[in-house]
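Below, chains carry the letters A, B, ... as their sequence lines are ordered, and counting in each starts from 1.
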Number of protein chains: 2
Amino acid sequence: MTRAEENYLKTIFHLGGSSSHLVSTNAIAEQMETKPSSVTDMAKKLAEKGLVEYTKYQGVSLSKTGLKTALSIVRKHRLWEVFLVETLDFSWDEVHEVAEQLEHIKSEKLIDRIDSLLGYPKFDPHGDPIPSKDGVFFEREQQLLSEMKPGSTGVCVGVKDTSSNFLKFLDKNKIALGDTIEIVEIEDFDQSLTITINGQNMSISHQIANNLYVKKQE
Amino acid sequence: MTRAEENYLKTIFHLGGSSSHLVSTNAIAEQMETKPSSVTDMAKKLAEKGLVEYTKYQGVSLSKTGLKTALSIVRKHRLWEVFLVETLDFSWDEVHEVAEQLEHIKSEKLIDRIDSLLGYPKFDPHGDPIPSKDGVFFEREQQLLSEMKPGSTGVCVGVKDTSSNFLKFLDKNKIALGDTIEIVEIEDFDQSLTITINGQNMSISHQIANNLYVKKQE
DNA sequence: AATCGTATTTGGACATGCCTAAAAATACAT
DNA sequence: ATGTATTTTTAGGCATGTCCAAATACGATT
Ligand SMILES: [Mn+2]
Ligand SMILES: [Mn+2]
Ligand SMILES: [Mn+2]
Ligand SMILES: [Mn+2]
């Protein structure tokens, strides 16, 4: 399994490529910042190896073994991210790039020991679930903050945009995973929200709310 | 800098390629388990990039920047080996393969944090010195146990053969770095040695003694 | 059902890094 | 000094993974 193949499988997984949903050549090319013709080439190769199902002009989806492989890469990526934050004091906006490299290190033992060192974490620094060794993981209960009604309350559980820019913005404004957010009001004019967080009121734009996942509280 | 280029530079370094000593195409090929023609190709490319000096039919040596790069790879390799042993409880015969992969991860910050986490170690699990960030490292004072005279005493500081087989043999016989070894007798017949180690007498073959580095004691 | 615009595939090409077989240079022995 | 053995280089090819430009298929519109 080459690094390129692993990256394609991971991308198809992230784009939701399953038996029920085919992923288009263009979507993959865009996500990977490569060209559609390259994707076609690789789709053929992966189909040849039984890692994806591929029908010309239709799109690709992960096979059973393809999914297993993709999950193992995602597992490694997210565990390394936790390691970087917890053990090496990286901030959550610095870890993705490095994890993109570390996820390709080939050693069962290494990733199992990292997992154990970290105490078998269930979520990565961005709130994304970490698949277990045998590929099981829980989709977390979530909705976008922008979909909540005034008066309701939620706990911040994840981010949709994981860009360094957005994550740094959240740091600067003291918004972190685990924080409880109450929606006070939504402006008709620009959909900006007034929220209460950590006992303080603040105003955030619709775009911010549209990139924050919360778990609704009763 | 590609992974292949890094591996060539590291190999040239290990073969002692300096201004005073040219390394032959064949030697590199053998060490890297590749073909001489491939080495010639790469030698040209590295010379092109200013990382080695290369004269046709003569051999290659590291340039100043080539040496710097090689040292940084060696540094990373050895720090990762320490990390695997100290932090993740790998045994010293399991770390080399994984370190061969980890040494190519590109992140200053990562290796600096690992270095700090480990308390800035000076030697790797096999007794090899770890170059500092700016490429400085101390050649340790050493000689092969097989070169010592009966009656003399030394401290075990390193291994020449780093194969898993040899390292496991040492474990099994409770010979570890830091142990004090006294040479009691050397057999004329087969050069095997009787030594005292950890208060016990034992006999080891010439081949073993020929792969153990010790620091002579007064 | 024909047309048009977009998505996708094909064909040909290039860079990297490797290989084999043959040619050339060097080293060694007589 | 000459011939032989060894080392090294060259030439040509292959695999991987990428790209561009041209051809083809799809699907929405009329
Ligand atoms: Mn990430
Ligand atoms: Mn993440
Ligand atoms: Mn090693
Ligand atoms: Mn070592």
Side-chain angles (χ1 to χ4, degrees), chain A residues 1-17 21-62 65-66 69-70 73 100-101 103-106, chain B residues 1-17 21-62 65-66 69-70 73 100-101 103-106:
Chain A
M1 179 83 28
T2 69
R3 181 175 292 229
E5 286 169 351
E6 290 183 347
N7 283 332
Y8 274 96
L9 292 178
K10 195 182 51 159
T11 301
I12 295 165
F13 172 75
H14 281 133
L15 293 175
H21 178 250
L22 297 187
V23 177
S24 79
T25 302
N26 250 13
I28 297 171
E30 191 164 324
Q31 176 82 16
M32 299 187 68
E33 300 185 67
T34 181
K35 302 292 158 174
S37 52
S38 307
V39 176
T40 301
D41 288 347
M42 187 56 91
K44 285 178 189 166
K45 195 194 302 182
L46 292 174
E48 194 69 39
K49 294 197 178 187
L51 293 162
V52 303
E53 268 103 45
Y54 168 55
T55 324
K56 262 192 189 181
Y57 294 106
Q58 300 303 121
V60 295
S61 63
L62 294 173
T65 66
T69 310
I73 308 292
E100 284 291 303
Q101 299 178 62
E103 71 189 5
H104 300 290
I105 300 291
K106 278 164 190 60
Chain B
M1 179 85 29
T2 69
R3 179 174 293 226
E5 287 169 352
E6 290 183 347
N7 283 331
Y8 273 95
L9 292 179
K10 193 181 53 161
T11 300
I12 296 164
F13 172 75
H14 281 133
L15 293 173
H21 177 252
L22 296 188
V23 177
S24 78
T25 302
N26 252 11
I28 297 171
E30 192 164 326
Q31 176 83 16
M32 298 188 68
E33 301 184 71
T34 181
K35 302 292 157 174
S37 52
S38 305
V39 176
T40 302
D41 287 347
M42 187 57 90
K44 285 177 189 166
K45 195 194 301 182
L46 292 174
E48 194 68 38
K49 293 196 178 188
L51 294 162
V52 303
E53 268 104 44
Y54 167 56
T55 324
K56 261 194 191 183
Y57 294 103
Q58 299 304 121
V60 295
S61 63
L62 294 172
T65 65
T69 309
I73 307 292
E100 285 290 305
Q101 299 178 62
E103 71 189 4
H104 300 291
I105 300 290
K106 283 169 187 58

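- Between the OG1 atom in B:Thr25 and the NZ atom in B:Lys56 there is a gap of 12.0 Å [rounded to 0.5 Å].
- B:Gln58 contributes atom CD, which lies 7.0 Å from atom CG of B:Leu22 (distance to the nearest 0.5 angstrom).
- Residues A:Glu6 and A:His104 bring a donor and an acceptor atom of their side chains to less than 3.5 Å of each other.
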Just list the side-chain donor-acceptor pairs under 3.5 Å for residues 40-51 of chain A, sequence neighbours left out, or say none.
| unit_1 | atom_1 | unit_2 | atom_2 | d |
| --- | --- | --- | --- | --- |
| A:Thr40 | OG1 | A:Pro36 | O | 3.2 |
| A:Lys49 | NZ | A:Glu5 | OE1 | 3.4 |
| A:Lys49 | NZ | A:Glu5 | OE2 | 2.8 |

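- In this structure, B:Lys44 places its NZ atom 10 Å from C1' of D:dA11, rounding to the nearest Å.
- Remark: A:Gln101 engages no residue in a side chain to side chain donor-acceptor pair (under 3.5 Å) (not counting sequence neighbours).
- For residues 21-37 of chain B, there are no salt bridge (Lys or Arg N to Asp or Glu O under 4.0 Å) pairs, not counting sequence neighbours.
- Rounded to a whole Å, the CE atom of A:Met42 is 18 Å from the P atom of C:dT8.
- Listed by residue number, the members of residues 4-16 of chain A with any heavy atom below 4.0 angstrom from DNA chain D are A:Ala4, A:Tyr8.
- A donor-acceptor contact under 3.5 angstrom links the side-chain atoms of A:Ser37 to the base of D:dC20.
- Atoms CD (A:Glu33) and P (D:dC19) sit 10 Å apart, rounded to a whole Å.
- Within residues 49-57 of chain B, the residues approaching DNA chain C are B:Tyr57, by heavy-atom distance under 4.0 Å.
- When the P atom of D:dA21 is taken as reference, atom NZ of A:Lys35 falls 10 Å away, rounded to whole Å.
- For the pair A:Val52/A:Leu9, a side-chain contact is recorded, criterion being any heavy-atom separation below 4.5 Å from C-beta on.
- Taking 4.0 angstrom as the limit, A:Ser38 places a side-chain polar atom (N or O) nearer than this to OP1 or OP2 of D:dC19.
- Applying the side chain to side chain donor-acceptor pair (under 3.5 Å) test to A:Thr2 and every residue at least two apart in sequence or in another chain returns nothing.
- Taking atom NZ of A:Lys45 as the reference point, atom P of D:dA15 lies 11 Å away to the nearest angstrom.
- Here C:dC18 is the nucleotide among C:dC18, D:dT9, D:dG17 with the atom lying nearest to any side-chain atom of B:Asp41.
- Using a 4.0 Å heavy-atom cutoff across all strands shown, A:Thr25 reaches sugar-phosphate atoms only and no base atom.
- Rounded to whole angstrom, the span from the CG atom of B:Asn26 across to the P atom of D:dT8 amounts to 4 Å.
- Atom NZ in A:Lys10 sits 11.5 Å away from atom CG in A:Leu15 (nearest 0.5 Å).
- Computed from coordinates, the B:Leu22 CG to D:dT7 C1' distance equals 15 Å when rounded to whole Å.
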